[in-house]
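Reminder, nothing fancy here: chain letters follow the sequence lines and each chain counts from 1.
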Amino acid sequence: MSTSSNFYVQVYQVTQRIPVGKVTSYGRIAQMLGRPHAVRAVGYALSALKDAESGAAYTSATVPWQRVVNSQGRISIVNREHTAVDQAHILREEGVAVDENGRMDLNSYLWEGLHLVELDDILRGDG
DNA sequence: ATGGTGACTCGCG
DNA sequence: GCGCGAGCCACCA
């Protein structure tokens, strides 16, 4: 079974399933992992990603963190130095229309989510 | 073990 | 639509 120590990995693996041109929210990821109230922990997990140079199993280069926004369809890290600009920029390159305020239309870009069989792989640790 | 910290969310005013 | 307060969780000192 999954343990709390695998939570980060589970978040990363779900995030890696988000297709180019689509986005999802922290809350939806938490729900998919069966922890609807662990929304803050999801954001915490993504913020813990290190660069590719770190050599870590999951890095900001292998995990499409930019495809995760808040439930309002808006980029959450607006007040950080350059990350906000980068996230909006990357998303636009992937085909997502993001306005100057970091907002996008979830009706157009929201990811459907994982199917049960895929979730089972991740929760079992085989994903 | 205890307390502080977020890339969150929801409900109000 | 926006700001605020409170609830919730995994991590790290």
Side-chain angles (χ1 to χ4, degrees):
Chain A
M1 278 310 232
S2 60
T3 63
S4 58
S5 61
N6 290 328
F7 189 72
Y8 275 27
V9 174
Q10 291 176 5
V11 170
Y12 300 151
Q13 295 185 338
V14 169
T15 303
Q16 290 182 321
R17 307 296 180 96
I18 308 174
V20 174
K22 290 293 180 180
V23 300
T24 192
S25 69
Y26 303 91
R28 282 175 176 275
I29 290 181
Q31 279 186 37
M32 289 181 220
L33 292 177
R35 290 182 169 48
H37 296 298
V39 286
R40 308 201 67 188
V42 172
Y44 197 101
L46 293 181
S47 71
L49 283 172
K50 305 186 191 311
D51 350 10
E53 309 170 353
S54 68
Y58 297 90
T59 69
S60 56
T62 62
V63 178
W65 55 271
Q66 72 276 9
R67 294 174 200 155
V68 184
V69 299
N70 68 26
S71 63
Q72 310 304 306
R74 193 176 192 182
I75 291 177
S76 280
I77 48 185
V78 287
N79 287 324
R80 299 204 130 196
E81 297 94 73
H82 37 287
T83 22
V85 180
D86 290 342
Q87 182 167 8
H89 182 66
I90 299 174
L91 285 177
R92 290 187 187 113
E93 289 188 322
E94 296 184 346
V96 178
V98 184
D99 69 18
E100 305 78 22
N101 299 312
R103 301 184 219 176
M104 66 208 78
D105 180 18
L106 287 183
N107 290 312
S108 303
Y109 306 110
L110 183 63
W111 174 44
E112 299 294 344
L114 292 176
H115 293 295
L116 293 179
V117 69
E118 298 176 294
L119 273 173
D120 189 54
D121 287 343
I122 290 178
L123 294 177
R124 273 173 39 215
D126 297 350

Measure the distance from [atom1] on [X] to [atom2] on [N] and round it to the nearest whole Å.
X: Phe7(A); N: dC8(B); atom1: CZ; atom2: C1'; result: 11 Å
X: Gln31(A); N: dC10(B); atom1: CD; atom2: C1'; result: 13 Å
X: Asn70(A); N: dG6(B); atom1: CG; atom2: P; result: 18 Å
X: Tyr8(A); N: dC9(C); atom1: OH; atom2: P; result: 15 Å
X: Arg28(A); N: dA7(B); atom1: CZ; atom2: P; result: 22 Å
X: Tyr26(A); N: dC8(C); atom1: OH; atom2: C1'; result: 17 Å
X: Arg35(A); N: dC11(C); atom1: CZ; atom2: C1'; result: 14 Å
X: Ile77(A); N: dG6(B); atom1: CD1; atom2: P; result: 14 Å

Q) DNA chain C: Arg103(A) or His37(A), which has the more 5' nearest nucleotide? A) Arg103(A)
Q. Want to settle it: does Tyr44(A) or Val39(A) sit nearer the 5' end of DNA chain C, counting the closest nucleotide to each?
A. Val39(A)
Q. For dC8(B), does OP1 or OP2 lie under 4.0 Å from any side-chain N or O of Ser76(A)?
A. yes
Q) Taking only N and O in the side chain of Ser25(A), is any of them less than 4.0 Å away from OP1 or OP2 of dC8(B)? A) no
(Q) Keeping Arg74(A) on the side-chain end and Asn101(A) on the backbone end, is there a donor-acceptor pair under 3.5 Å? (A) yes
Q. Any donor-acceptor pair under 3.5 Å linking the side chain of Gln16(A) with the backbone of Thr62(A)?
A. yes
Q) What nucleotide among dC2(C), dC10(B), dA7(B) has an atom nearest to a side-chain atom of Arg74(A)? A) dC2(C)
(Q) Closest approach to the side chain of Arg40(A), judged atom by atom: which nucleotide of dC8(B), dA7(B), dA10(C) is it? (A) dC8(B)
Q: Could you tell me which non-hydrogen atom of Asp99(A) sits nearest to which non-hydrogen atom of Arg92(A), and how far apart they are?
A: O-NH2, 3.4 Å
Q.
I need the minimum non-hydrogen distance between Tyr58(A) and Leu49(A), along with the two atoms involved.
A. O-CD2, 3.7 Å
Q) On DNA chain B, nearest-nucleotide positions of Leu49(A) versus Gln72(A): which is more 5'? A) Leu49(A)
Q.
Just verifying a value: how many Å separate Leu123(A) CG and Leu116(A) CG, rounded to the nearest 0.5 Å?
A. 10.0 Å
